[in-house]
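Report on the structure given below.
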Amino acid sequence: MNGILKNDILISAIIAWFIAQLIKLIISILHHKKFDMSLLVSSGGMPSSHTSLTVSMATKIGIIEGFSSTFFAIAAVFCMVVMYDAMGVRRQAGKHAQILNILILNNLAQNIKDFGKLKELVGHRPIEVFFGMVLGITVAFLF
């Protein structure tokens, strides 16, 4: 356990993720006048916490191991996959959920009512991924 607490890469990534989740909660309070604790562990929204987590990790690896290291290259590629997935596959899944929820609401898909409402906010717009990246880089350099 002591080794985990001294792992600057892991701690930096967790801090970046937590700050991103906290920002989502603050945005919800300011914009929607709604305090929703579930936002601390939810996906989707501004900024992308998956992006901030992985970019902070990769940036911290670059700072410690060197930006020309194999470890940084692996982490950077992992970040690219996460960011691409957030804006692509996961965003499309959210759009599909919106359409299915409309169909269910209008009784056009009666056989799937038992599943309940599908989660629509699972992916990210490019701007949300961008600010997740900026947050991850910032946390890695400040920590």
Side-chain angles (χ1 to χ4, degrees), residues 1-106 109 111-143:
M1 184 62 144
N2 194 28
I4 291 173
L5 296 175
K6 291 181 179 179
N7 188 323
D8 289 346
I9 295 167
L10 180 61
I11 299 299
S12 176
I14 291 170
I15 289 170
W17 172 85
F18 180 75
I19 291 171
Q21 294 300 99
L22 194 58
I23 290 170
K24 290 177 191 182
L25 180 63
I26 292 167
I27 288 171
S28 176
I29 292 168
L30 296 175
H31 189 259
H32 302 291
K33 309 289 187 234
K34 181 179 174 187
F35 183 80
D36 184 0
M37 284 296 288
S38 70
L39 290 173
L40 288 176
V41 292
S42 69
S43 61
M46 171 67 92
S48 167
S49 57
H50 289 91
T51 300
S52 62
L53 174 91
T54 58
V55 169
S56 182
M57 173 197 65
T59 304
K60 199 66 173 176
I61 288 171
I63 292 167
I64 293 170
E65 301 288 335
F67 289 97
S68 63
S69 71
T70 302
F71 296 120
F72 174 74
I74 293 167
V77 169
F78 178 70
C79 287
M80 288 182 233
V81 170
V82 168
M83 291 186 287
Y84 178 81
D85 180 66
M87 292 183 293
V89 176
R90 287 181 37 228
R91 188 165 184 218
Q92 287 302 311
K95 288 180 178 182
H96 292 173
Q98 286 176 324
I99 292 167
L100 288 170
N101 285 334
I102 290 167
L103 292 174
I104 293 167
L105 184 65
N106 293 316
N111 295 335
I112 58 173
K113 279 190 173 190
D114 295 339
F115 291 99
K117 186 176 182 195
L118 299 170
K119 184 173 174 160
E120 297 176 4
L121 191 60
V122 291
H124 294 282
R125 294 176 293 143
I127 191 76
E128 295 167 341
V129 171
F130 174 77
F131 280 108
M133 180 184 69
V134 170
L135 175 62
I137 293 169
T138 302
V139 169
F141 275 104
L142 291 178
F143 175 70

Compare every heavy atom of Val55 with every heavy atom of Met133, then report the nearest pair and how far apart it is. O-CG1, 3.6 Å
Roughly how far, to the nearest 0.5 Å, is the OG atom of Ser49 from the CD atom of Glu128? 10.5 Å
Please list all pairs passing the side-chain hydrogen bond (donor to acceptor under 3.5 Å, both in side chains) test where one or both residues lie in residues 58-72, with sequence neighbours left out. none
Sequence neighbours excluded, which residues qualify as ring-ring contact (aromatic ring centres under 6.0 Å, His included) partners of Phe131? none
Hey, is the main chain of Val134 close enough, under 3.5 Å, to the side chain of Thr138 for a donor-acceptor pair? yes
Contacts of Phe71 that satisfy ring-ring contact (aromatic ring centres under 6.0 Å, His included) - sequence neighbours left out: none
Under the rule for side chain to side chain donor-acceptor pair (under 3.5 Å), what residues qualify as partners of Thr51, not counting sequence neighbours? Ser48
Between side-chain atoms of residues 6-15 and protein atoms elsewhere (two or more places apart, or another chain), which donor-acceptor pairs fall under 3.5 Å?
unit_1 : atom_1 : unit_2 : atom_2 : d
Asn7   : OD1    : Ile9   : N      : 3.1
Asn7   : OD1    : Leu10  : N      : 3.0
Ser12  : OG     : Ser56  : OG     : 2.7

Nearest heavy atoms of Ala86 and Val129, plus distance in Å: CB-CG2, 4.1 Å
Using 0.5 Å steps for rounding, measure from the CD1 atom of Ile137 to the CG atom of Leu142. 11.5 Å
Shortest non-hydrogen contact from Ile23 toward Pro47: CG2-CD, 3.5 Å
Tell me whether the rings of Phe67 and Phe72 are parallel (<30°), tilted (30 to 60°) or perpendicular (>60°). perpendicular
Tightest non-hydrogen contact, residues Lys24 and Met46, listed as CG-O, 3.2 Å
